[in-house]
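Below: one structure, written as structure tokens.
Residues take their numbers from the sequence shown, with the count starting at 1. Every value quoted in this text rests on a predicted model; they were computed, and no experiment measured them.
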Amino acid sequence: MKILVIGGSYFFGRVFVMLAAKEHDVTVLNRGTYSVAQFGAKQITGDRKDVSLWRSVRDDYDCVVDFCAYESGDIARVLENMPGHMTQYIFISTVDVYARGRGGLKGEETPFETRPLPGEAGAYIAGKVALEQEVREECAKRGIAVTVLRPAILYGPLNYAPRESVYIRLMAQNHVLPYITDAAGAFQFVYVRDAAEAVLKCLGNPGAYGQAYNLCGEEILTYETFFRELKRACDMEVREIALTAREAEEQGLPLPFPVTEAETELCSNEKGKAQLGLCYTDIAEGMARTYRAFRDI
């Protein structure tokens, strides 16, 4: 297949390009911060907000995989200006699009969040909600099949977000592992390679046309289980340091996952398993791989 990847330099997109380029003709369009030539992919450098860039992309593609659409208009700009033809558009969204506070596991048909939420997180969620509608409307006008993937919290090698890598660095450099004593929140991870393989399973798959899929591992995690798996993965002696959430924040430690019960929002992964045959790496194995990848950096 001939695939155009928008984004693809960093974490999730980079892992996908590494896998996809082994089997497909892959072109990556991004700002060119990191090269993808070593994976056998071609690269187009530019800013996705530049209309002239899209007017210059004249090739036809079997599929466009969009990792970096965040604001309303990001997808319409592509489809309105790209002269080449495409068959399928895969949009990487997020499980955060679902309405807050509904309880239970959220399936793919759960209503979206429509209330304005504060801060950068609120803007991110509002953008993804708007883009889910935009991709369907714009592709419907052009007869392009749409697939939406909604990952939970991504983790794994190459993760640039200040999540698990911060704590691995503290273990590797300082031989300490802070852990939070009063966190009651629960959350779900998805190992980055599992998410990348989910995209591969959707490529050119008529069964995935018009569908959306949550991507989340089998385990429901807490800060306690997160720290337990980190310690299990560690191959050196570390000293545990007990901190409250407030103390951690005062010391500049990130708390990147829901801390309170009220922040907990959980999703079902059954649809993807049933329709696509998705399977997920066990948290112990995924965290061990992640620890080994970051330990010596």
Side-chain angles (χ1 to χ4, degrees), residues 5-20 28 30 33-34 36 65-70 90-98 106 108 120-121 124-125 127-128 131-132 147-169 185-202 212-223 225-227 229-230 233 254-259 263-269 271-273 276 278-294 297:
V5 176
I6 308 175
S9 280
Y10 293 105
F11 184 36
F12 183 8
R14 193 169 185 83
V15 174
F16 170 73
V17 170
M18 291 166 63
L19 298 178
V28 176
N30 58 25
T33 307
Y34 294 104
V36 293
V65 185
D66 195 340
F67 286 94
C68 66
Y70 299 115
I90 297 179
F91 170 50
I92 308 302
S93 183
T94 170
V95 294
D96 289 332
V97 294
Y98 298 124
K106 297 175 182 180
E108 286 80 356
E120 291 183 9
Y124 171 77
I125 292 165
K128 290 293 189 179
L131 286 164
E132 287 221 21
T147 304
V148 176
L149 297 176
R150 300 172 184 151
I153 299 168
L154 285 153
Y155 79 105
L158 301 179
N159 190 3
Y160 59 88
R163 295 174 183 160
E164 67 275 11
S165 62
V166 172
Y167 292 92
I168 293 171
R169 183 168 65 248
F187 43 91
Q188 292 160 297
F189 280 180
V190 56
Y191 187 60
V192 64
R193 185 178 177 116
D194 296 341
E197 288 179 346
V199 183
L200 289 173
K201 287 179 179 290
C202 292
Y213 298 100
N214 295 336
L215 305 180
C216 46
E218 301 295 346
E219 301 92 350
I220 295 176
L221 304 172
T222 63
Y223 274 89
T225 53
F226 169 66
F227 290 124
E229 295 303 338
L230 271 179
L255 298 176
F257 319 123
V259 174
E263 295 174 281
T264 298
E265 304 286 343
L266 302 174
C267 295
S268 168
N269 62 13
K271 181 178 176 182
K273 292 193 295 184
L276 299 175
L278 300 185
C279 56
Y280 294 96
T281 300
D282 175 84
I283 185 65
E285 176 59 27
M287 198 59 73
R289 294 178 191 172
T290 304
Y291 172 81
R292 290 193 296 269
F294 278 114
I297 297 176

* Stepwise side-chain contact (heavy atoms from CB on, under 4.5 Å) check, D282 with E219 -> CA-CA 8 Å; D282 175 84; E219 301 92 350; 3.3 Å; yes

* **Residues V199, L19; criterion side-chain contact (heavy atoms from CB on, under 4.5 Å); working and verdict** => CA-CA 10 Å; V199 183; L19 298 178; over 6 Å; no

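Between Y280 and E197, the closest side-chain pair of non-hydrogen atoms is not below 4.5 Å. Proximity of N214 to K271: side-chain heavy atoms (C-beta onward) are nowhere separated by under 4.5 Å. Looking at T290 and V192, their side chains never come closer than 4.5 Å, going by heavy atoms from C-beta outward. Contact check for E108 versus V148: no side-chain heavy atoms found under the 4.5 Å cut-off. No side-chain heavy atom of E263 sits less than 4.5 Å from a side-chain heavy atom of F187. Contact check for Y34 versus R14: side-chain heavy atoms found under the 4.5 Å cut-off. By the 4.5 Å heavy-atom criterion applied to side chains, F226 and M287 are counted as neighbours. For the pair T281/R289, a side-chain contact is recorded, criterion being any heavy-atom separation below 4.5 Å from C-beta on.
Heavy-atom minimum distance, R163 versus P256: CG-CB, 3.7 Å. For G185 against T264, the heavy-atom pair with the smallest separation is CA-OG1, 3.5 Å. Shown here for A198 and L215, the closest heavy-atom pair between the two residues is CB-CD2, 3.7 Å. Residues G7 and V28 come closest through the heavy atom pair O-CG1, 2.8 Å. The heavy-atom pair separating L149 from P151 by the smallest distance is O-CD, 3.3 Å. Looking at every heavy atom in both residues, N30 comes nearest to S9 through ND2-OG, 2.6 Å.
With sequence neighbours excluded, the residues satisfying side-chain contact (heavy atoms from CB on, under 4.5 Å) with Y124 are Y70, T94, D96, K128. A search for side chain to side chain donor-acceptor pair (under 3.5 Å) contacts involving E132 returns S93, R136, R150, not counting sequence neighbours.
The CG atom of L200 sits 9.0 Å away from the CZ atom of R193 when rounded to the nearest 0.5 Å. In this structure, CG in D194 is found 8.5 Å from CG in L278, a value given to the nearest 0.5 Å. Atom CD1 of I153 sits about 8.5 Å away from atom CG of L221, to the nearest 0.5 Å. In this structure, L154 CG and F11 CZ are separated by 5.5 Å, a value rounded to the nearest 0.5 Å. Summarising the geometry, atom NZ belonging to K201 is positioned 6.5 Å from atom SG belonging to C279; distances are rounded to the nearest 0.5 Å. Note that the SG atom of C202 and the CD1 atom of I90 stand 5.5 Å from one another [nearest 0.5 Å].
Put simply, the side chain of N269 gets close to the backbone of C216: a donor and an acceptor are under 3.5 Å apart.
A ring pair (Phe, Tyr, Trp, His ring centres under 6.0 Å) with Y167 is found for exactly one of Y223, Y291, F227, namely F227.
Ring-centre distance between Y10 and F67: not below the 6.0 Å cut-off. When ring centroids are compared, Y191 and F189 stay outside the 6.0 Å threshold.
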Would you mind writing out the side-chain donor-acceptor pairs for residues 155-162 within the sub-3.5 Å range, not counting sequence neighbours?
from: N159; atom 1: OD1; to: A161; atom 2: N; distance (Å): 3.0
from: N159; atom 1: ND2; to: E164; atom 2: OE1; distance (Å): 3.2
from: N159; atom 1: ND2; to: E164; atom 2: OE2; distance (Å): 3.1

